[in-house]
Amino acid sequence: MRSKVTVVGAGNVGATLGQRVAERDYADVVLVDVIPDMPQGKALDILEAGPVLGYDSLVIGTNGYEETADSDIVVITSGIARKPGMSRDDLIRTNQGIVTQVTREIVRRSPNTILICVTNPLDAMVQLAYSVSGLPKQRVLGMAGVLDTARFRTFIAQALGVSVRDVQAFVLGGHGDTMVPLSRLSSVAGVPLPKLLSAEKLAEIEQRTANGGAEIVNLLKQGSAYYAPSASVLQMIDAILLDKRMIMPCSVYLEGEYGISGLFVGVPAKLGARGVEEIIQFELLPEERAALQRSADTVKELVGVMGI
Ligand code: APR
């Protein structure tokens, strides 16, 4: 039987993700949105690209949840996106209501699903989905680190004139201004990054990475990034559905790892068929640890605002 991936929110991130998953040809796709007829229209359009591109994925659009039953993976992208001048945190009140309602509907029909949250403010929304869903911590996670790392890798590759494939990069922490891009643990073809770029250039790239989302928001004028975000979610879905055991930074529930407890924060995790198979831990320098703690404190504050 084919796997089933449901994407809630058929906006920019959700519809692009639906397209990317359909093109992988290993799962059927359900697109859910509150706008009448819109997910149905987008789903039909993606379905009709199948004969041209050679995939057989079934793609269904709906305004309800019956079609989502027994999904293997559900991705939540529903919510409002940032406008210029807004931080991810400004979205919290509206998106709290949306993520709560969506999570309830999903889990009722797919109690064995793995839930990937994309809605911002990311780490707080994953925490909310975890708390509402009652799912085990291995099956609730958030997409942020893959995207932040992708941005970091793009800028490093550009600065050095090398292939993005040669660049391994590392980002820890919450998905926000306090994220911690770690040049010390990043490398190009195995060579540590600090040996290849000056401290000034590295600081500039780290800063651009942390502001990567805002840079796109300011250029687009309406809406926020979606090509790289949807590609990043696809990599997580690949790792889970194909049981690849890939290690990538994700927002996961920490219970003492990195000295943080009871909070979703971005750290390296091994993703496989069961979801989060393992949280990868390693020694941080004192200043890196402090930066991660500051990032976690910001997430904690937002979680407090939601009252969960
Ligand atoms: N149920 C289902 N869909 C909903 C609901 C709901 N309760 N509320 C809103 N939506 C839908 C909207 O109708 C819209 O089509 O969610 C979609 C969101 O799409 P966009 O506005 O295009 O936003 P997008 O760019 O896809 O970003 C979605 O991901 O990256 C984050 O910050 C971003 O939180 C935002 C989310």
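All figures in this text were calculated on a predicted structure; none of them were measured in a lab. In each ligand, atom 1 is the first atom listed, and ligand 1 is the first ligand listed.
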* To do: Check if Met125 has a non-hydrogen atom at a distance under 4.0 Å from any atom of ligand 1.
  =>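 So Met125 does not count as touching ligand 1.
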
* Under 4.0 angstrom from ligand 1, any heavy atom of Ile80? ->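 Yes, Ile80 has a heavy atom closer than 4.0 Å to ligand 1.
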
Could you check [atom] against the protein and tell me its nearest heavy-atom contact, residue, atom and distance included?
{"atom": "atom 1 (N) of ligand 1", "answer": "Val34 CG1, 3.5 Å"}
{"atom": "atom 28 (C) of ligand 1", "answer": "Thr77 O, 2.9 Å"}
{"atom": "atom 30 (O) of ligand 1", "answer": "Asn120 ND2, 3.7 Å"}
{"atom": "atom 23 (O) of ligand 1", "answer": "Ala81 CB, 3.8 Å"}
{"atom": "atom 19 (O) of ligand 1", "answer": "Gly11 CA, 3.2 Å"}
{"atom": "atom 15 (O) of ligand 1", "answer": "Asp33 OD2, 2.7 Å"}
{"atom": "atom 29 (O) of ligand 1", "answer": "Val118 O, 3.7 Å"}

* Asked: Nearest 0.5 Å, what's the CD-CD1 distance between Gln281 and Ile279?
  ->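 That separation rounds to 7.5 Å.
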
* To do: Flag the pair Lys270 and Glu277 as a salt bridge only when some basic side-chain nitrogen lies within less than 4.0 angstrom of an acidic carboxylate oxygen.
  =>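 No.
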
* To do: Measure from atom 18 (C) of ligand 1 to every heavy atom in Gly79, Ala15, Gly14 and give the option owning the shortest one.
  =>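 Considering heavy atoms of Gly79, Ala15, Gly14, the nearest to atom 18 (C) of ligand 1 sits in Gly79.
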
* Hey, looking at atom 7 (N) of ligand 1, which of Gln101, Met38, His175 has the closest heavy atom? ->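 Comparing heavy atoms across Gln101, Met38, His175, the nearest one to atom 7 (N) of ligand 1 lies in Gln101.
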
* **Linked, directly or transitively: Leu172 and Val167 (ILVMFWY side chains, under 4.5 Å)** =>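 No; tracing contacts between hydrophobic side chains, which count when under 4.5 Å, never links both residues.
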
* Take atom CD of Gln293 as the centre, draw a 6.0 Å sphere, and report whether it contains more than 12 heavy atoms from other residues, nucleotides or ligands. =>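 Correct, the count exceeds 12.
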
* Asked: Any chance NZ of Lys244 has more than 12 other-residue heavy atoms, nucleotides or ligands included, within less than 6.0 Å?
  ->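 Not more than 12 within 6.0 Å, no.
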
* Could you walk me through whether Glu204 and Lys201 pass the salt bridge (Lys or Arg N to Asp or Glu O under 4.0 Å) check? -> CA-CA 5 Å; Glu204 186 194 306; Lys201 185 67 190 170; 3.1 Å; yes

* To do: Below 4.0 angstrom from a heavy atom of Asn95, which ligand 1 atoms are there? Numbered from 1 as shown, please.
  =>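 In order of number, 34 (O).
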
* **Per-atom contacts of ligand 1 with Ile35, taking only distances under 4.0 Å to non-hydrogen atoms** =>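 This gives 13 (O) as the contact atoms.
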
Contact check: [X] vs ligand 1, nitrogen or oxygen atoms, below 3.5 angstrom:
{"X": "Asn12", "result": "yes"}
{"X": "Val13", "result": "yes"}
{"X": "Ser78", "result": "no"}
{"X": "Tyr226", "result": "no"}

* Asked: How close do Pro121 and Leu302 get, heavy atom to heavy atom, and via which atoms?
  ->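 Shortest heavy-atom separation between Pro121 and Leu302 comes out as CB-CD1, 3.7 Å.
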
* Kindly assign one of parallel, tilted or perpendicular to the pair Phe170 and Phe282, based on the angle between their ring planes and the thresholds 30° and 60°. =>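 Perpendicular: the ring planes of Phe170 and Phe282 meet at over 60°.
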
* Might you work through the salt bridge (Lys or Arg N to Asp or Glu O under 4.0 Å) test for Arg109 and Glu105, ending with a clear yes or no? => CA-CA 7 Å; Arg109 295 166 181 86; Glu105 298 282 3; 3.0 Å; yes

